[in-house]
Amino acid sequence: MSHTLRITVRLDIDLRWARMEVRGCLTEENCRALLPIVRRSFRILQEPNVVIDASSAQHIEIAGIDALERLGISGLEAQSVVGDSAGSCSLIVPEVLPSCPSRFPRPHGSHRFAA
């Protein structure tokens, strides 16, 4: 089973904040890919304030959220430090975490076939 993580980063024109939009699957294994992007954003921004918005993710594992919290990123409350970089980083997730769609078989007739 392949869990793909897609990230779009939006920067404020005045370099005060960044918003990372997460799509695809956020898992314990791939959540660490967010940290280098957060750290790079901290280096670019005048007043490092990063929001990771996973509200549109297709699948979110609780273990991925737990791993991010252990790394200093959690909930709507901004953390003052991520690793050894000063700045704030917060995480937005839906109230009900979406399950991986690959775990559920598609109904009969919904598969696409190459012509």
Side-chain angles (χ1 to χ4, degrees):
M1 177 178 347
S2 174
H3 296 285
T4 304
L5 180 65
R6 292 181 303 280
I7 304 164
T8 301
V9 180
R10 298 183 191 280
L11 295 172
D12 172 50
I13 195 162
D14 295 323
L15 298 177
R16 292 179 311 219
W17 55 262
R19 184 176 194 90
M20 297 170 53
E21 296 175 2
V22 176
R23 300 202 184 274
C25 298
L26 179 63
T27 66
E28 183 175 18
E29 292 78 30
N30 67 18
C31 72
R32 296 184 192 287
L34 298 172
L35 280 186
I37 300 168
V38 170
R39 287 191 178 118
R40 181 171 288 176
S41 296
F42 278 16
R43 287 193 301 270
I44 293 170
L45 297 172
Q46 305 277 332
E47 302 168 19
N49 178 16
V50 177
V51 174
I52 301 171
D53 184 354
S55 60
S56 296
Q58 186 177 17
H59 164 218
I60 301 173
E61 288 182 353
I62 189 70
I65 294 172
D66 292 343
L68 288 173
E69 287 178 352
R70 286 191 301 274
L71 295 168
I73 301 169
S74 64
L76 292 172
E77 295 297 320
Q79 299 296 312
S80 60
V81 176
V82 174
D84 52 354
S85 302
S88 66
C89 186
S90 57
L91 176 66
I92 298 172
V93 295
E95 202 169 300
V96 176
L97 300 181
S99 299
C100 187
S102 66
R103 290 186 175 173
F104 304 103
R106 294 180 179 175
H108 179 60
S110 66
H111 297 284
R112 294 184 183 187
F113 295 93

Do [X] and [Y] come close enough that some side-chain heavy atom pair is under 4.5 Å?
{"X": "Leu34", "Y": "Met20", "answer": "yes"}
{"X": "Cys25", "Y": "Leu5", "answer": "no"}
{"X": "Val50", "Y": "Phe42", "answer": "yes"}
{"X": "Leu68", "Y": "Leu35", "answer": "no"}
{"X": "Cys89", "Y": "Ile52", "answer": "yes"}

Taking all non-hydrogen atoms of both residues into account, name the closest pair between [X] and [Y] and its distance.
{"X": "Cys31", "Y": "Gly64", "value": "SG-O, 3.8 Å"}
{"X": "Ala54", "Y": "Leu26", "value": "CB-CD2, 4.3 Å"}
{"X": "Pro94", "Y": "Pro98", "value": "CG-CD, 3.9 Å"}

Single-linkage hydrophobic cluster [X]~[Y], side-chain heavy atoms < 4.5 angstrom:
{"X": "Ile60", "Y": "Ile37", "result": "yes"}
{"X": "Ile73", "Y": "Val9", "result": "yes"}
{"X": "Ile62", "Y": "Val93", "result": "yes"}

Test side chain to side chain donor-acceptor pair (under 3.5 Å) applied to Arg6 - qualifying residues, sequence neighbours left out: none
Non-neighbouring partners of Asp12 that pass side chain to side chain donor-acceptor pair (under 3.5 Å), sequence neighbours left out: Arg16
CG-CG distance between Leu45 and Leu11, expressed to the nearest 0.5 angstrom: 6.0 Å
Euclidean distance, Leu91 CG relative to Leu71 CG, rounded to 0.5 Å: 11.5 Å
Residues that Arg70 engages under salt bridge (Lys or Arg N to Asp or Glu O under 4.0 Å), provided they are two or more places apart: Glu28
Test item: Asn49 side-chain N/O and Ala18 main-chain N/O as donor-acceptor pair under 3.5 Å: no
Partners passing side chain to side chain contact (heavy atoms under 4.5 Å, CB included) against Glu29 (at least two apart in sequence or in another chain): Thr27, Glu61
Pair listing, salt bridge (Lys or Arg N to Asp or Glu O under 4.0 Å) test, anchored in residues 17-27, at least two apart: Arg10-Glu21, Arg19-Asp53
